[in-house]
Structure formats: C-alpha cells, structure tokens
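All values derive from a computational prediction rather than experimental measurement.
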Amino acid sequence: MQSGRTRRIAIADDSPTFVDAAARYVAALPGYALAGTAHATAHALTLVKSSTPDILLLDLGAAPARGLELLRRVTTLPAAPAVVAMTLFRSPEAAAAAIDAGAVGLVGKDGFVSDLTQLLARLFPAGVIA
C-alpha cells in the first residue's frame with residue numbers, strides 16, 4: 001500500500017474450512033495482515049474487542065436476521081471496524097439489508113477472492129492488491 005500502513009482483517013464464520021482458506025488468502029494480501037479468526041460468528045464481538053481489526057469479515061450465516069443483528073452490534077462498538085458481510089446466497093436484497101445494518105459491502109463466498117479484492121480496492125484506493 002502506498003501509505004505504508006498495514007490494514008488488519010479479522011474473520012468470523014461458522015465454517016472452520018472457510019475460515020482457514022480465507023485466512024490464508026488474507027495473510028497473503030500485500031498491505032494487509034490477519035488480525036484473528038473466530039470459528040463461530042457468535043464470537044465476533046470478542047474477536048473485535050481483542051484484536052481491534054480495521055476490517056471484520058462477518059458471515060451472515062444460515063439465519064440472516066441473526067447475522068444482521070450481530071453486524072449492528074459490532075458497528076456500535078468503540079473504534080468499530082469496517083464490517084464486510086459474507087453470504088453463500090448473494091442477492092441485491094441481501095446486499096441492501098447488510099448495508100442498512102452497517103456493512104460497507106457484501107462478499108459472496110462463491111466469489112470470495114474476486115469480490116473481496118474489488119471491495120478492498122474500493123475501500124482503500126491507495127492500496128494495491130496483486
């Protein structure tokens with residue numbers, strides 16, 4: 001990144017397999033570092049409080065209403081990170097609900113790498129992601 005600042009990303013998702021794959025990808029991104037992971041979205045608040053990430057990747061889960069409520073709670077924390085909602089079933093309605101709840105964007109798990117790369121470039125235009 002041009003500014004020389006490393007942005008820290010935390011990941012909260014109920015799928016350990018997804019978390020592990022996403023963590024490897026995030027750790028390899030130039031200008032970004034993995035701030036921590038939670039293998040249960042219920043632990044997202046604890047993760048944010050303990051690791052103080054710049055960005056939280058938060059799975060909306062099988063019960064989107066519950067995920068949206070958790071998203072709202074995270075965004076009210078002091079020094080809250082930018083929250084990127086993640087879902088298996090990406091739709092305009094899901095994106096709108098996530099944005100309304102305080103997310104800076106929605107990433108589909110089926111296109112995680114390209115979706116996250118595009119979103120990070122939009123959020124931090126000075127950064128370069130290879």
Side-chain angles (χ1 to χ4, degrees):
M1 301 181 70
Q2 291 176 355
S3 67
R5 181 174 185 269
T6 299
R7 306 243 184 227
R8 297 169 30 85
I9 299 177
I11 305 165
D13 190 290
D14 292 335
S15 168
T17 303
F18 180 80
V19 170
D20 293 344
R24 282 192 304 275
Y25 176 70
V26 166
L29 285 173
Y32 294 88
L34 183 64
T37 62
H39 289 132
T41 54
H43 299 135
L45 289 171
T46 302
L47 174 63
V48 169
K49 290 176 184 177
S50 66
S51 66
T52 61
D54 298 298
I55 303 157
L56 172 65
L57 304 179
L58 177 65
D59 181 33
L60 294 183
R66 188 176 64 222
L68 292 172
E69 179 54 35
L70 182 57
L71 193 159
R72 287 183 192 96
R73 290 179 63 197
V74 168
T75 59
T76 64
L77 293 172
V83 179
V84 175
M86 298 184 298
T87 184
L88 279 176
F89 307 105
R90 188 173 181 195
S91 69
E93 295 82 11
I99 300 299
D100 287 346
V104 296
L106 179 74
V107 169
K109 288 185 180 180
D110 59 340
F112 176 77
V113 170
S114 63
D115 287 356
L116 183 61
T117 300
Q118 290 174 17
L119 183 60
L120 291 175
R122 182 175 57 84
L123 290 174
F124 308 109
V128 176
I129 299 175

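- Applying the salt bridge (Lys or Arg N to Asp or Glu O under 4.0 Å) test to every pair with at least one member in residues 75-90, sequence neighbours left out, gives these pairs: R90-D115.
- For the atom pair NZ (K109) and CG (D13), the distance works out to 3.5 Å, reported to the nearest 0.5 Å.
- Other residues, nucleotides and ligands contribute only 12 or fewer heavy atoms inside 6.0 Å of the NE2 atom of H43.
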Indicate every side-chain donor-acceptor pair of residues 97-105 with a distance under 3.5 Å to a residue at least two apart or in another chain.
none

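- Heavy-atom minimum distance, A23 versus T37: CB-CG2, 4.1 Å.
- Note: L56 CG to T75 OG1 = 10.5 Å, rounded to the nearest 0.5 Å.
- Here the straight-line distance linking atom CG of L119 with atom CZ of F124 works out to 8.5 Å at 0.5 Å rounding.
- For the pair L120/Y32, a side-chain contact is recorded, criterion being any heavy-atom separation below 4.5 Å from C-beta on.
- In this structure, I9 CD1 and D54 CG are separated by 8.5 Å, a value rounded to the nearest 0.5 Å.
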List the steps and the verdict of side chain to side chain contact (heavy atoms under 4.5 Å, CB included) for L45 and R73.
CA-CA 8 Å; L45 289 171; R73 290 179 63 197; 3.2 Å; yes
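- The heavy-atom pair separating A40 from D14 by the smallest distance is CA-OD1, 3.0 Å.
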Please test I11 against V26 for side chain to side chain contact (heavy atoms under 4.5 Å, CB included), starting from the C-alpha separation and ending with a verdict.
CA-CA 9 Å; I11 305 165; V26 166; 4.2 Å; yes
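- By the salt bridge (Lys or Arg N to Asp or Glu O under 4.0 Å) test, R8 pairs with no residue at all, sequence neighbours left out.
- The line from OG of S51 to CG of L34 is 8.5 Å long, rounded to the nearest 0.5 Å.
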Take L77 and V48, measure what side chain to side chain contact (heavy atoms under 4.5 Å, CB included) needs, and give me the verdict at the end.
CA-CA 9 Å; L77 293 172; V48 169; 3.7 Å; yes
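- Within the 4.5 Å cutoff, side-chain heavy atoms of Y25 are placed close to those of L116.
- With rounding to the nearest 0.5 angstrom, the CG atom of L60 is 9.0 Å from the CG atom of L70.
- Nearest approach of L71 to A85, heavy atoms of both residues: CD1-CB, 4.1 Å.
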Could you walk me through whether T76 and R72 pass side chain to side chain contact (heavy atoms under 4.5 Å, CB included), step by step?
CA-CA 7 Å; T76 64; R72 287 183 192 96; 5.7 Å; no
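- The shortest side-chain heavy-atom distance between T41 and L58 falls under the 4.5 Å cut-off.
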